[in-house]
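Here the structure is laid out as structure tokens; the discussion comes afterwards.
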Amino acid sequence: MARHSRKGVNRRFTVPGSRLPGHDRKVQKPTMTEERSERDAARLAKLDELRSAGIEPYPARLQQPRTHTATEAIAAFVASESDGDDALPVSVCVAGRMMSRRLMGKVGFAHIDDGSAHLQVFVRRDTVGEETFELFKRLLDLGDFIAVCGEMMRTRTGEISVNAQSMQLLSKSLEPMPDKWHGVKDVETRYRRRYVDLMINPEVREVFVARARMVQAIREYLDGAGFIEVETPVLQPIYGGAAARPFTTYHNQLKQDLFLRISFELYLKRLLVGGLEKVYEIGRDFRNEGISFKHNPEFTQLEWYEAYADYHDVMRRVEDMLAHIARRLTGGTLITYRGHEIDLAPPWRRVTLRDAIIEYADLDYAQYPTAAELADAMRAKGHHPETTSNRGRLIDSLLSNYVEPNLIQPTFVLDYPIEISPLAKKTPDDPTSVERFEYFIAGMEMGNAFSELNDPLDQRERMEWMQQLYGAEDEERHPMDEDYLLAMSYGMPPNGGFGTGIDRLAMLFTDSATIRDVLLFPHLRSLERSDAAGDEEPQP
RNA sequence: GGGCCGCUAGCUCAAUGGUAGAGCAAGGGACUUUUAAUCCCUAGGUUACAGGUUCGAGCCCUGUGCGGCUCACCA
């Protein structure tokens, strides 16, 4: 937009609102642009009026530097009040977005929001002068950023306020603010224009502050336990470490197909080979799968690997870490999620997958050694298995359909079928099962861990077996990763590994019903697509 | 991808198949301690889009778009 000079091209086209979603659908009709500009005419006229009065609506800096956030200004005034008669006046310069304004003749009130608090500003014509009062009264709009300097005071009704001595416009808003009382409720608008959601709905900001504090608590815990944080490639020539379909991309100069990672696992375990004993990574994974209240195409994952630990050690660390997060966020280990009171205090319940399925689905899969037998037994119990599934997937479906919804309190489910766990060590007493657990809270799968397989020959067999088991046409079939096998052949210490969805933890700790509420910009279908569809053929 | 539900002014919401409204926001006016300020006036709409039924459609039907819930796959 910089190419449009101030007094050059029709300024209408620089109005951000002309590209807002609700108008993109209609933007091809010029009449709508005209109507749009009519609605904006008042604010655009104010821009002209401000400039001709010598007031730059988008100044580069404050005339007087900010001395206090809203919270600090209030605190400073409260402190001075406690001095009683000896109290000295508290002079402040504050800045923020004007959220409300009440005009009454030659005096007026406004609230500014700077992210720390709302602070009332009292503006009296006799104090600020004719010119500034006119600016405040007539040329400012809700949504404008302003700076205000003055002494702190209490109004007649007792509200701590800034008694404005001077006022500066910092940034003009050309879009109307949403309803000050109701905010924005439409979820599509809230997700597509998160900035509007954040500016008007204070509880949204709280969710993301809590999420940030949660991640901070995780790093604090792991750093304190001697882990180092590392970063591994997002763009990978061979994807792996999970059962999921990847996004593909292409490097032009290398003429090479690349995949966006679906997990960090294979790279982090290479680091154990290299001698880093405790590593973790917090980063983005990408999975080309369905979208739901607990699935976004890109999501934040925590994975760690710890040499000389097995999956029992990992369980102890997981329950310890989550209790640590809860204490940091709430002071205790009790949290409420969607009406359930959940206690994260260790130790959590531990139950084998087999026992859990016996308990909740009334079926002992150990009695049915083949997929066909198990599927028959499931049908006899009134379940409806996919006919094409292998035995591991059948067991997994029993878990997610019958067990998972019942696991409200934190629970480790352990010892998984080998067919769906190619990177985990076999259990010593049962070669069809592996030392793996998933943990569940509030009926949601939260994470996954193994005693990591470190036998290179076993790993090669397992990968080759997976190739056969899933068939060439299966989209979750993974390519062989020869370099990973090579790394393991150098010798990998026995270790316990763990992965968990940061977004799901954030849902849990912020009592959010959907992953979209803990993602600042959840993935939504583009609106532009519908406009382009009629004009041109989609690209192949 | 399947099923169900939704889409009306910038925002929040009304409107038996019969003239599309209100509050807030916006524009004009009154008001020197208000706080969802108050009072008077004004403007603002291709009811998501495209068809159909009907004398007449925001409402009924079909399709499309976007969203929500849900099922399937997955963390």
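Each chain gets a letter, A, B and so on, in the order the sequences are listed, and its residues count up from 1. All values derive from a computational prediction rather than experimental measurement.
Spacing between atom CD of A:Gln120 and atom P of B:A36 amounts to 11 Å, rounded to whole angstrom units. A:Lys137 places its NZ atom 11 Å from the C1' atom of B:G28, with the value rounded to the nearest Å.
Base pairing annotation: B:C24 forms a Watson-Crick or G-U wobble pair with B:G10, both donor-acceptor distances under 3.5 Å.
Donor-acceptor pairing under 3.5 Å is lacking for the side chains of A:Glu319 and A:Tyr439.
Residue-to-nucleotide proximity on RNA chain B shows that, of A:Thr514 and A:Phe299, the 5′-proximal contact is made by A:Thr514. Taking the nucleotide of RNA chain B with the nearest heavy atom to each of A:Arg154 and A:Asp186, the more 5' of the two is matched to A:Asp186.
Distances shorter than 4.0 Å separate none of the side-chain N or O atoms of A:Arg102 from OP1 or OP2 on B:A36. An OP1 or OP2 oxygen of B:G67 is reached within less than 4.0 angstrom by a side-chain nitrogen or oxygen of A:Arg192.
A 4.5 Å side-chain heavy-atom check between A:Lys46 and A:Leu174 finds every atom pair outside the cut-off.
With salt bridges taken as basic N to acidic carboxylate O contacts below 4.0 Å, one links A:Lys294 and A:Glu404.
Looking at heavy-atom distances under 4.0 Å, A:Arg190 makes no contact with the nucleic acid at all.
The local environment of CZ in A:Arg154 is crowded, with over 12 non-hydrogen atoms from other residues, nucleotides or ligands closer than 6.0 Å.
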